[in-house]
Amino acid sequence: MTIPRARERMRPFPYFHMATTCTDYEPSRIEPLWQKFWADNNTFVAKDFDTTRPKYFAMAMYPYPSGHGLHVGHSENYTATDLLCRYKRALGFNVMQPMGWDAFGLPTEQTAVATGVHPREVTRRNVETFKRQLNQHGFGIDWTREVNTTDPGYVRWTQWIFLQLYKHGLAYVDERPVWWCQELGTVLANEEVIDGKSERGGYPVEKRALRQWVLRITAYADKLLKRLDGIDWPEATKSKQRNWIGKSEGAEITFALDGCDETLTVFTTRPDTLYGATYMVVAPEHPLVGKLTTAAQKSAVEAYVKAAASKSDLDRTDLAKDKSGVFSGSYAINPVSGAKIPVWIADYVLMGYGTGAIMAVPAHDERDYDFAVKFEIPIIRVIEKLDAEGKEAPLPFCVYGKLVNSGKHTGLSSKEAKAAIVADLEKRGIGKLSVNYKLRDWLFSRQRYWGEPFPIVWVSEADYKKASGEVAANLPKDPITFVENGVTQYALPVPASQLPLQLPETDNFQPSGTGESALGRCTDWLEIWFNAATGEAKSAKEPKPAGESWVRARRETNTMPQWAGSCWYHLRYVDPKDDKYLIDPKLNNYWGSPDYYIGGPEHAVLHLLYAPFWHLFLYDIGAVTTAEPYPRLVHQGMVLGENGEKMSKSRGNVINPDDVIKEHGADAMRMYLMFMGPLEDDKPWNTKGIEGVTRFLRRLWREVIDADGKISAKVSADAKESAAFHKVHHETIKKVGEDYEKGRYNTAIAQMMIWMNAIGKEETVLPGSIKDFLRLLAPIAPHISEELWERLGEAPSIVDAGWPKFDPAALVEESVMLGILVNGKPRSEVKIARDAPEAEALALAKADERAKPFLDGKTIRKVVYVPGRIINIVAN
RNA sequence: GCCCCGGUGGCGGAAUGGCAGACGCUGCGGACUUAAAAUCCGCUGACUGAAAAGUCGUGUGGGUUCGAUCCCCACCCGGGGCACCA
């Protein structure tokens with residue numbers, strides 16, 4: 001498309017010196033012109049340290065630049081952000097609206113594998129497309145702050161943060177059964193596995209024991225939970241996070257084993273039911289299984305453990321209804337009743353939660369009850385319903401009550417008994433209060449090429465001890481190790497001075513197939529001489545450099561998951577080029593945390609949990625000055641296809657923003673997206689709907705511009721506007737401001753349509769009225785607003801034209817229609833002074849022709865008068 | 001099973017204790033036109049009625065209130081999440 005050059009369009013003041021010469025509303029000519037104007041004038045470059053205005057930092061979740069281009073859901077999300085930013089700017093805020101690219105990740109790598117084009121190049125192309133598309137929407141993005149998670153300057157700091165986590169003991173290596181997806185050739189985090197399938201692609205996953213990096217997010221479980229109370233987030237998401245973190249308070253109790261020195265520790269939330277513990281269960285993976293198993297039970301136990309191991313987790317949970325287990329042959333001693341109780345092995349107890357062992361109280365736990373019934377284990381009631389109406393509650397009885405059959409604790413309430421029993425156990429050294437979380441540590445490594453390499457090398461124990469200088473300064477208290485072929489490998493950090501650690505060049509991005517990423521094949525990069533003081537590296541093919549500190553090392557071949565980069569991009573926007581600090585504290589203080597963050601709810605327990613974890617940690621180590629990363633979060637709803645179903649290629653109901661902009665223009669699309677319904681709701685696209693909005697914009701154009709492209713004769717400085725219009729005009733200024741403030745964009749637009757209907761009835765209109773209106777419209781439909789603003793003789797840009805004020809006096813009507821209700825039912829209405837006294841209103845109501853029949857022959861019992869609204873006469 | 005969110009015309013939605021259905025779409029009627037498109041004007045919850053008007057109506061059933069889409073209780077339905085978490 002051709003962009004008219006500004007110079008050619010110059011006309012003498014006051015008209016047409018920048019705007020187009022369109023006679024009809026032609027978004028395809030108008031929009032590119034103003035987009036260029038904004039770019040040429042750096043209109044949206046945010047100024048650091050502007051203390052003359054309050055700052056406003058608004059962020060939408062940055063996109064993954066896929067090969068499919070922008071989705072209409074992005075359009076919705078970014079329109080809402082842009083609209084808010086333009087509104088805040090009109091109010092006088094120093095606004096920052098940044099954008100970036102979540103550019104590491106699987107689809108790009110898969111494209112690279114399929115096409116042989118390097119992921120870096122695939123990313124570059126996709127980013128170019130996305131950027132062009134975003135600019136065609138007319139978003140006021142400050143591109144000087146563009147971030148890309150794959151830029152070396154960005155990767156360096158992602159690695160730096162990992163280094164801090166490592167140094168502070170929050171990153172460790174564990175060989176553990178993890179979700180492995182054969183199809184994707186990588187392991188996945190718990191959060192990325194849904195119903196036994198990969199979140200991305202829906203491929204089957206299975207458990208495999210692999211060496212993995214894990215981040216100790218559980219150390220922040222309590223902080224992550226507590227922060228939820230103080231932030232302005234959608235309740236559903238907070239609730240989901242609370243659930244996911246799953247804090248549960250109880251006690252750890254240690255049971256002695258009969259005829260054995262070992263003890264068995266369990267976690268329970270119901271220490272009050274301890275007297276009712278008639279058996280114990282340990283998970284099949286429990287380390288004590290071997291010792292607990294007696295000779296007689298050995299073969300049965302081994303068979304059971306083997307069967308459990310081969311079951312996928314999906315099978316294990318699918319069979320939830322049908323309990324299975326095997327007796328170990330050993331007995332434990334109930335520490336309060338002294339009873340000898342059997343120890344069972346059953347897969348309904350999970351090794352990953354609590355201690356991997358439980359005390360089973362069949363009378364008061366549904367699962368234990370099912371198990372006890374099936375295996376004919378005694379069931380002893382120890383809790384009674386508190387306010388028993390004579391009848392005993394049926395078993396299993398799983399709520400609090402009063403203790404029975406509980407020795408000296410009989411008669412206490414559950415609550416009292418919990419404290420008393422734990423206190424007793426604590427004195428004996430076999431119990432204590434304890435808290436458990438469902439949240440697991442975050443599996444942080446992936447076997448892919450297109451991700452951040454870990455700033456870690458592996459060395460021998462002897463070489464580990466040679467660490468000094470900057471390398472030693474970054475070591476955790478306890479070394480991170482793993483055993484490979486009987487040899488223990490030690491992790492040394494690649495220190496900050498050597499970052500970023502870049503990916504090796506290769507043309508084969510496929511995983512190596514042995515559980516290692518493509519990096520496992522990049523020998524020159526992988527096998528190195530490492531300086532254990534400075535962190536420098538040289539290929540191992542070269543001779544060993546001179547010096548005590550040089551040791552033989554192998555680099556870590558895992559890469560970080562895609563979530564890593566998005567954990568801190570909100571910081572990089574504030575200080576996008578810094579190579580000294582993660583974020584300059586002065587800039588950090590100026591911009592603070594985003595005042596607004598919008599994105600889909602699908603990241604509730606992924607990005608929205610991970611990023612706060614990193615941020616809280618960075619705050620703790622003094623790397624950032626803000627305690628809370630996202631004080632205010634909004635979720636936009638999904639834009640569904642016209643058939644009300646989720647948009648997808650297979651359903652053939654995808655709406656492409658490029659097509660919509662081509663047909664209707666960006667202003668119409670932006671406006672329609674905001675008009676469809678509440679931002680947070682899912683709502684179906686409707687082609688007729690956007691036509692309605694386009695009609696609205698054309699009407700506006702015709703009110704201002706006549707068929708020759710001149711200002712319409714109707715717009716005149718000596719226009720006489722009707723009182724009715726005057727009122728609507730000021731109501732509109734008030735309502736639109738209030739609605740923008742509350743994020744209720746659909747009703748703001750409805751009000752603007754009311755204004756449009758009102759102006760259609762006017763003979764003449766003041767230019768000032770049109771200009772007021774353009775300023776209200778500009779945040780949503782910025783191009784047409786700029787165009788008409790300038791054609792009306794104002795200097796561009798309308799972006800800095802401020803926000804119109806309404807006249808409160810214009811809103812007040814002397815007389816209003818008062819609803820007349822009889823016994824609560826609307827019967828009539830009457831015109832009356834707004835603040836008429838009750839007596840007058842009542843007299844009018846009683847005399848009203850339509851209300852009268854309902855009052856005839858009845859006695860008035862009560863009158864409720866709400867001045868200006870209704871009068872309700874209660875009569876019978 | 002547990003947790004969260006929701007249920008209003010033909011459709012998207014508005015109204016958070018005061019005349020339900022703003023605004024938009026659709027549909028119907030009209031104006032302009034040789035005609036069509038575009039544009040403009042009017043009507044458009046259901047039922048009864050020629051009309052005036054009346055009755056019903058915000059998932060269902062109760063409750064609070066002069067008055068309930070709105071608050072409370074119970075239930076039904078839909079969507080999302082969690083699910084042997086001791």
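Bear in mind the structure is a predicted one, so any value in this text is a computation, not a measurement. Letters A, B, ... are given to chains in the order of the sequence lines, protein chains preceding strands, and every chain is numbered from 1.
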How far does the [atom1] atom of [N] sit from the matching atom of [M], given to the nearest Å?
N     : M     : atom1 : answer
B:G30 : B:A15 : P     : 36 Å
B:U65 : B:C4  : C1'   : 30 Å
B:G57 : B:C47 : P     : 15 Å
B:C25 : B:G13 : C1'   : 11 Å
B:U69 : B:G78 : P     : 25 Å
B:G45 : B:U58 : C1'   : 11 Å
B:U60 : B:A50 : C1'   : 38 Å
B:G59 : B:C5  : C1'   : 16 Å

Using atom [atom1] of [X] as one end and atom [atom2] of [N] as the other, report the distance to the nearest whole Å.
X        : N     : atom1 : atom2 : answer
A:Lys683 : B:G6  : NZ    : P     : 14 Å
A:Met671 : B:C23 : CE    : P     : 15 Å
A:Lys742 : B:A14 : NZ    : P     : 12 Å
A:His635 : B:G6  : NE2   : C1'   : 16 Å
A:Asn823 : B:U65 : CG    : C1'   : 14 Å
A:Asn686 : B:G10 : CG    : C1'   : 12 Å
A:Asn243 : B:C82 : CG    : C1'   : 6 Å
A:Glu691 : B:G24 : CD    : C1'   : 12 Å

Nearest of [options] to any side-chain atom of [X]?
X        : options             : value
A:Thr268 : B:G18, B:C23, B:A86 : B:A86
A:Phe675 : B:A86, B:G24, B:G67 : B:G24
A:Phe854 : B:G12, B:U55, B:A20 : B:U55
A:Met753 : B:C40, B:C23, B:A86 : B:C23
A:Arg869 : B:C19, B:A15, B:C66 : B:C19
A:Ala236 : B:C40, B:G13, B:C4  : B:C4
A:Asn872 : B:A86, B:C66, B:C56 : B:C66
A:Arg695 : B:G18, B:U39, B:A20 : B:U39
A:Ile754 : B:A86, B:C66, B:C23 : B:C23
A:Arg744 : B:A15, B:G24, B:C25 : B:A15

Open item on the list: Please verify the inter-ring angle class for A:Tyr672 with A:Trp685; under 30° counts as parallel, over 60° as perpendicular, anything in between as tilted.
Closed with: perpendicular
TODO: For the pair A:Trp442 and A:Tyr610, name the ring-plane relationship: parallel under 30°, tilted 30 to 60°, perpendicular over 60°.
DONE: parallel
Open item on the list: Less than 3.5 Å apart, any donor N or O on the side chain of A:Asn757 or A:Arg699 sitting next to an acceptor on the other?
Closed with: yes
side-chain N/O [X] vs [N] OP1/OP2, d < 4.0 Å:
X        : N     : result
A:Asn757 : B:G24 : yes
A:Thr747 : B:G13 : no
A:Asn746 : B:G24 : no
A:Lys688 : B:C25 : no
A:Lys825 : B:C56 : yes
A:Arg242 : B:C4  : no

Both distances below 3.5 Å, Watson-Crick or wobble geometry, any strand: find the nucleotide opposite [N].
N     : answer
B:A74 : B:U60
B:A38 : none
B:A14 : none
B:A46 : B:U55
B:U33 : none
B:A20 : none

Task: Base orientation of B:G7, syn vs anti, 90° cut from 0 - done: anti
Looking at [X] and [Y], would you say the former's side chain and the latter's main chain have a donor-acceptor pair under 3.5 Å?
X        : Y        : result
A:Asp681 : A:Lys683 : no
A:Asn653 : A:Lys646 : yes
A:Thr278 : A:Pro378 : yes
A:Thr694 : A:Ala668 : no

Open item on the list: Pair A:Val830, A:Ile820 - check side-chain contact (heavy atoms from CB on, under 4.5 Å), show working.
Closed with: CA-CA 7 Å; A:Val830 65; A:Ile820 301 174; 3.9 Å; yes
Open item on the list: So for A:Glu235 and B:C4, does any side-chain atom that can act as donor or acceptor lie under 3.5 Å from a complementary atom in the base?
Closed with: no
